[in-house]
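Just so it is clear, the values below take in all heavy atoms, side chains as well, and ignore hydrogens, waters and symmetry mates. Just so we're clear, the structure is a prediction, and the values are computed from it rather than from any experiment. Letters go in sequence order (proteins before strands), and every chain restarts at 1.
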2 protein chains.
Amino acid sequence: MKVTLHEVAARAGVSIASVSRALNGEIASARTIELVTRAAAELGYIPDQRARSLKLGATRQLTFAVADVGNPVYVQMLRAVEDAVRESGYRVLISSTRSSVEAEIELLQSLLRRHSDGLVISPLRVTEDFLTALDRLTIPAVVIGRLPDDHPYDIVRTDSAAGVDLAIDHLIGSGRRTIGFLNGPTDTTPGSIRGQAFAAALARTELPAAEEHRATAADFTFADGLTAATELLDRAPGLDAVLAANDLLAAAVLHAAHRHGLRVPEDLAVIGMDDSELASQLMPTLTSVSLGSAERGRRAAELLLARIADPSLPAQQVIIPPELIIRDSAPS
Amino acid sequence: MKVTLHEVAARAGVSIASVSRALNGEIASARTIELVTRAAAELGYIPDQRARSLKLGATRQLTFAVADVGNPVYVQMLRAVEDAVRESGYRVLISSTRSSVEAEIELLQSLLRRHSDGLVISPLRVTEDFLTALDRLTIPAVVIGRLPDDHPYDIVRTDSAAGVDLAIDHLIGSGRRTIGFLNGPTDTTPGSIRGQAFAAALARTELPAAEEHRATAADFTFADGLTAATELLDRAPGLDAVLAANDLLAAAVLHAAHRHGLRVPEDLAVIGMDDSELASQLMPTLTSVSLGSAERGRRAAELLLARIADPSLPAQQVIIPPELIIRDSAPS
DNA sequence: CTGAAAGCGCTTACAG
DNA sequence: CTGAAAGCGCTTACAG
């Protein structure tokens with residue numbers, strides 16, 4: 001038997017308007033508050049979110065869209081988002097888009113149904129269709145990543161090119177001379193940026209920058225990384241270091257190296273990117289470029305809350321600097 | 001500028017009732033359908049989920065509550081739940097309860113606000129308060145795990161005791177004689193069951209079953225596992241195998257073994273439980289007891305959908321048998 | 001087949 | 001301070 005405002009009002013002997021006011025801290029007499037509070041408690045009244053939301057125009061739900069729940073980098077982001085948002089009484093809806101633009105666009109369309117008050121999205125591929133769908137959105141969105149300049153969204157991103165530089169400098173500094181790169185798909189934002197950054201970093205040095213020192217995995221996953229890493233080590237036996245575009249790909253390099261009889265870090269130094277929890281779980285522990293995933297999550301959530309509070313705010317761009325976390329796979 | 005039924009009705013020159021019927025495939029003339037469909041398309045009309053939900057009593061949202069988004073076992077469960085539910089047009093809301101009973105109870109209470117039509121929950125600790133909150137729920141819930149017998153919920157669980165047996169038999173079969181156990185907190189359901197199963201399994205054999213061969217991590221995490229595993233190997237240097245209560249703890253054993261100068265599997269065989277994605281990412285790859293997490297997720301989602309469709313269904317209990325997945329950390 | 005009306009459960013001007 | 005009423009955007013008996 002459902003208990004609504006009416007039941008509480010009847011029990012308290014007041015109108016439903018008074019119940020609503022008393023419960024929401026609006027103006028009400030002490031006596032009303034007393035009666036209503038007791039009646040509500042006795043009946044175990046809980047306001048219906050949907051009705052409230054319909055009336056108020058806000059759902060108190062935020063959506064956080066990630067490309068792949070299996071990628072550990074999102075774990076920290078998600079926790080940070082939840083923490084930043086908890087105080088404000090929002091619930092966080094996680095949506096896993098499976099690295100598919102279609103799924104992302106579908107999500108954006110479903111958001112038009114107004115089940116969320118805001119969106120934090122970390123798109124892997126920024127296509128025209130994606131941008132169109134994003135522009136159609138009727139709720140605020142914060143993008144973790146990059147967007148063409150003419151799209152006025154709040155953006156939180158890292159400087160992964162600088163991150164690549166940190167990694168390369170570290171490898172060179174520790175005496176490595178033939179550095180390979182295992183990238184993810186280059187039609188993704190991170191794949192494209194990191195790939196270019198790697199080429200640029202090598203170009204600044206005297207080091208060999210052969211095409212066969214680079215490989216591209218079909219996706220940013222361990223399984224695809226394993227295939228590509230095996231190929232890479234087959235093809236370029238002279239490598240003494242490999243930078244991988246994320247930690248899952250780096251884990252794959254560790255495995256491929258082992259199969260090729262290479263010791264890490266003695267024969268081959270390996271560096272990942274993301275500094276996810278996986279980095280310390282691997283063996284040897286993984287030197288990784290932290291791209292501030294927790295920080296990005298936190299800042300994105302804050303920007304979103306700020307924009308929900310005041311939609312007229314100018315769009316902001318926050319850049320989180322990368323940091324090299326040195327562990328055993330590529331020591332000093 | 002918001003477009004509602006009224007705008008579509010005005011443009012199509014019909015009543016809002018007709019718009020609703022035409023759009024929902026209710027009875028309507030071909031001409032009305034034609035007019036309405038076009039008007040809706042031209043205006044980019046998207047029905048408001050909240051209003052629909054309020055009227056219909058259903059939100060088309062399901063909640064999936066996991067203890068820790070950082071635990072890779074939930075990745076497969078989540079994917080399976082999403083897949084099983086996709087066809088039915090439900091959105092899956094992931095809630096991360098951070099291994100805290102309080103957070104779980106808070107979640108159950110928030111569910112009373114009716115933002116979800118159903119819940120799949122995998123509780124770590126089944127306390128009285130938890131059960132009370134579960135019983136108060138006004139929407140169907142499916143539990144992944146165990147519950148006292150007198151609670152008539154749909155349950156999907158594995159037989160982790162049988163899983164422990166598989167692991168022990170495998171270790172004995174491959175010549176191990178001094179088997180340690182790294183458990184998670186024993187006040188959790190899995191911790192308690194797996195701990196007892198380990199004791200029982202050893203009791204059936206001739207093997208030594210000393211108290212100092214067992215250790216308990218403060219939580220089912222890598223970090224807590226590392227502390228406990230290090231202690232265990234310090235205290236019991238004679239072990240030739242360790243079974244860990246999940247894959248994260250097993251990863252910790254791998255690290256602790258390395259620090260103790262033990263080779264895996266030569267000096268120490270290691271087996272995990274869950275057969276999560278982490279198992280093949282570790283090095284050596286981890287032999288692990290699959291507890292059918294994807295299957296549990298899928299079955300739980302199916303039970304939930306069935307119960308939403310027909311709340312009068314008798315409560316079911318589904319048991320997924322475990323399976324040993326042999327990899328390098330404990331080969332045949 | 002169609003429209004006017006009621007109602008899902010709330011919140012909030014508006015009178016009093 | 002309080003209550004009656006309107007309305008958020010839908011769906012669906014009920015007449016016609």
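For D:dG9, the OP1/OP2 oxygens have a side-chain nitrogen or oxygen of B:Lys2 closer than 4.0 Å. Between A:Thr32 and the phosphate of D:dT2, there is a side-chain N or O to OP1/OP2 separation shorter than 4.0 Å. Distances shorter than 4.0 Å separate none of the side-chain N or O atoms of B:Arg50 from OP1 or OP2 on D:dC10. Within the structure, every side-chain polar atom (N or O) of B:Ser15 is placed at least 4.0 Å from both OP1 and OP2 of C:dA4. Under 4.0 angstrom from either OP1 or OP2 of C:dT11 there lies at least one side-chain N or O belonging to A:Ser20. Dashed line: the shortest gap from a side-chain N or O of A:Thr4 to OP1 or OP2 of C:dC8 is not under 4.0 Å. In this structure, A:Ser29 reaches the D:dT2 phosphate: one of its side-chain N or O atoms is under 4.0 Å from OP1 or OP2.
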Step-by-step salt bridge (Lys or Arg N to Asp or Glu O under 4.0 Å) determination, B:Arg79 to B:Glu277 | CA-CA 12 Å; B:Arg79 287 197 182 127; B:Glu277 298 192 335; 2.8 Å; yes
Going through the distances and angles, do A:Glu34 and A:Arg38 end up as a salt bridge (Lys or Arg N to Asp or Glu O under 4.0 Å)?
-> CA-CA 6 Å; A:Glu34 153 75 19; A:Arg38 178 177 320 155; 2.5 Å; yes
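Between A:Arg98 and B:Glu82 there is a salt bridge, with a side-chain nitrogen of the basic residue lying less than 4.0 Å from a carboxylate oxygen of the acidic one. Taking 4.0 Å as the cut-off between side-chain N and carboxylate O, A:Glu295 and A:Arg298 count as a salt-bridged pair. In summary, B:Asp48 and A:Arg113 do not engage in a salt bridge, as defined by a charged side-chain N under 4.0 Å from a carboxylate O.
Across all strands shown, nothing is found opposite D:dA13 as a Watson-Crick or G-U wobble partner with both distances under 3.5 Å. Pairing for D:dA4 is absent, judged as Watson-Crick or G-U wobble with the two contacts each under 3.5 Å.
Remark: P of C:dG9 and OH of A:Tyr45 are 10 Å apart, rounded to the nearest angstrom. Distance, A:Glu26 CD to D:dT2 C1': 14 Å, rounded to whole Å. In this structure, CZ of A:Arg114 is placed 13 Å from P of D:dC8, rounded to the nearest angstrom. For the pair B:Leu35 CG and C:dT2 P, the interatomic distance rounds to 9 Å; values are reported in whole Å. Atoms NE2 (B:His6) and P (D:dC8) sit 8 Å apart, rounded to a whole Å. Computed from coordinates, the A:Leu56 CG to C:dC10 P distance equals 12 Å when rounded to whole Å. Atom pair A:Asn24:CG and D:dT2:P shows a separation of 15 Å (rounding to whole Å applied). The nearest whole Å value for the distance from the CG atom in B:Asp48 to the P atom in C:dC8 is 18 Å.
Residue-level contact check: A:Ala28 touches the backbone only, with heavy atoms under 4.0 Å from sugar-phosphate atoms and none from bases.
The 5' end of DNA chain C is approached more closely, in terms of each residue's nearest nucleotide, by B:Ala30 than by the other of B:Leu54 and B:Ala30.
Comparing the C1' positions of D:dT12 and D:dG16 gives a spacing of 16 Å, expressed to the nearest Å.
For the atom pair CG of B:Leu304 and CD1 of B:Ile121, the computed distance is 12.0 Å after rounding to the nearest 0.5 Å.
Of the candidate nucleotides D:dT11, C:dG3, D:dC1, C:dG3 has the atom nearest to the side chain of B:Ser18.
Not a single donor-acceptor contact under 3.5 angstrom links the side-chain atoms of A:Lys55 to the base of C:dG9. Residue side chain B:Arg21 reaches the base of C:dG3 through a donor-acceptor N/O pair under 3.5 Å, judged by distance alone.
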